[in-house]
Novice: 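Right, I'll just put the structure down here and ask away after.
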Amino acid sequence: MSKRDHILTALAALEPQHLDVLDESHMHSRGLETHYKAVIVSPVFAGLNAVKRHQKVYASLGELMGQVHALALHTYTPEEWAEQGAAPDSPTCKGGSKHDH
């Protein structure tokens, strides 16, 4: 099972109405399975600010967080998602890693 699949399975605990996890490692210099973007639409986010939403995501992922270098989170309630309909594109990596030469 890929790391992406593990992330999808862990995030299912949030009972998402929409869930998309993209492996964006190819856009970065850290190697495979290191950078992800998660778009999560769940009613559990209702009434929560961004920090509280992200804390719920981190709690769901548990020890998986230690295996990921970067995770871009886009968390929405179903109402917000109906209004917005899409998450923003990820920025291009500018490098800056100590692994870059």
Side-chain angles (χ1 to χ4, degrees):
M1 186 184 294
S2 72
K3 196 173 297 176
R4 179 184 174 271
D5 290 337
H6 284 289
I7 293 169
L8 284 166
T9 300
L11 293 177
L14 295 172
E15 301 175 16
Q17 292 181 1
H18 175 86
L19 175 61
D20 196 13
V21 175
L22 304 171
D23 184 346
E24 296 186 330
S25 301
H26 65 281
M27 297 166 52
H28 302 274
S29 61
R30 283 283 180 109
L32 302 176
E33 296 191 323
T34 57
H35 290 70
Y36 294 89
K37 173 181 176 177
V39 180
I40 310 159
V41 179
S42 175
V44 303
F45 297 140
L48 300 178
N49 65 25
V51 171
K52 296 287 185 194
R53 291 177 185 197
H54 291 192
Q55 287 172 340
K56 282 196 172 289
V57 173
Y58 299 146
S60 297
L61 292 173
E63 63 185 43
L64 272 172
M65 281 306 299
Q67 301 172 28
V68 174
H69 175 71
L71 178 63
L73 294 177
H74 302 277
T75 55
Y76 304 94
T77 65
E79 296 76 19
E80 290 166 345
W81 184 248
E83 212 173 274
Q84 184 154 338
D89 290 335
S90 296
T92 304
C93 182
K94 300 205 184 323
S97 167
K98 65 181 178 184
H99 302 285
D100 293 340
H101 298 289

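Only this structure's heavy atoms are used, side chains among them; waters, hydrogens and symmetry mates stay out. Residue numbers run from 1 in the order of the sequence given. These numbers come from a predicted model, not from an experiment.
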Novice: Can you tell me how far apart NE2 (His6) and CE (Met1) are? Round to the nearest 0.5 Å.
Specialist: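 Those atoms lie 5.0 Å apart.
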Novice: Below 4.5 Å, heavy atoms only, C-beta onward: do Leu61 and Gln67 meet side chain to side chain?
Specialist: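 No, side chains not in contact.
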Novice: Does atom NZ of Lys37 have more than 12 heavy-atom neighbours, drawn from other residues, nucleotides or ligands, at distances under 6.0 Å?
Specialist: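 Result for NZ/Lys37: enclosed.
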Novice: For the atom pair CG (Leu71) and NE2 (His54), what is the distance rounded to the nearest 0.5 Å?
Specialist: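 Interatomic distance, Leu71 CG to His54 NE2, rounded to 0.5 Å: 8.5 Å.
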Novice: Please check: side-chain N/O of Ser25 versus main-chain N/O of His35, any donor-acceptor pairing under 3.5 Å?
Specialist: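 A pair under 3.5 Å: yes.
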Novice: Can you name the closest pair of heavy atoms from Tyr76 and Val39 and give their distance?
Specialist: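 Result for this residue pair: CE1-CG1, 4.2 Å.
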Novice: I need the minimum non-hydrogen distance between Val68 and Ala70, along with the two atoms involved.
Specialist: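 It is CG1-O, 3.1 Å.
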Novice: Kindly compute the distance separating NZ (Lys3) from CG (Leu64), expressed to the nearest 0.5 Å.
Specialist: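 Answer for the NZ-CG pair, Lys3 versus Leu64, is 8.0 Å.
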Novice: Following the transitive rule for hydrophobic clusters with a side-chain heavy-atom cut-off under 4.5 Å over Ile, Leu, Val, Met, Phe, Trp and Tyr, establish whether Leu22 and Trp81 coincide in one cluster.
Specialist: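 Per the 4.5 Å side-chain linkage, Leu22 and Trp81 are not co-clustered.
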Novice: Which heavy atom of Ala10 sits nearest to which heavy atom of Ser60, and what is that distance?
Specialist: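 Heavy atoms only, the tightest pair is CB-O, 3.6 Å.
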Novice: Taking all non-hydrogen atoms of both residues, which atom of Ala12 and which atom of Pro16 are closest, and how far apart?
Specialist: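 Of all heavy-atom pairs spanning Ala12 and Pro16, the closest is O-CD, 3.7 Å.
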Novice: How many angstroms lie between atom CD1 of Ile7 and atom CE of Met65, to the nearest 0.5 angstrom?
Specialist: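 One gets 8.5 Å once the value is rounded to the nearest 0.5 Å.
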Novice: Is Ser42 reaching over with its side chain to a backbone N or O of Phe45, donor-acceptor style, under 3.5 angstrom?
Specialist: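 No.
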Novice: Any chance you could lay out the side chain to side chain contact (heavy atoms under 4.5 Å, CB included) test for Leu48 and Thr75, step after step, and finish with the verdict?
Specialist: CA-CA 10 Å; Leu48 300 178; Thr75 55; over 6 Å; no
Novice: Contact between Glu15 and Pro43 at the side-chain level, heavy atoms closer than 4.5 Å - yes or no?
Specialist: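 The answer is no; the side chains never approach within 4.5 Å.
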Novice: With rounding to the nearest 0.5 Å, note down the distance linking CG in Asp20 to OH in Tyr36.
Specialist: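 If we round to the nearest 0.5 Å, Asp20:CG and Tyr36:OH are 13.5 Å apart.
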Novice: Is Glu33 close to Arg4 at the side-chain level, that is, under 4.5 Å between some pair of heavy atoms?
Specialist: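 They are not in contact (no side-chain heavy atoms under 4.5 Å apart), so the answer is no.
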Novice: Measuring from Leu73:CG to Gln55:CD, what's the distance to the nearest 0.5 Å?
Specialist: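 So the CG of Leu73 and the CD of Gln55 are separated by 11.5 Å.
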Novice: Taking C-beta and beyond as the side chain, do Leu14 and Leu19 meet within less than 4.5 Å on heavy atoms?
Specialist: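 Leu14 vs Leu19: side chains apart.
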Novice: To check you understand the geometry: which heavy-atom pair defines the closest contact between Lys52 and Asn49, and what is its length?
Specialist: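 The pair with the smallest heavy-atom distance is N-OD1, 2.9 Å.
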Novice: Do Val41 and Leu11 sit in the same hydrophobic cluster, where Ile, Leu, Val, Met, Phe, Trp and Tyr count as joined when their side-chain heavy atoms come under 4.5 Å apart?
Specialist: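 The answer is no; the residues belong to distinct hydrophobic clusters.
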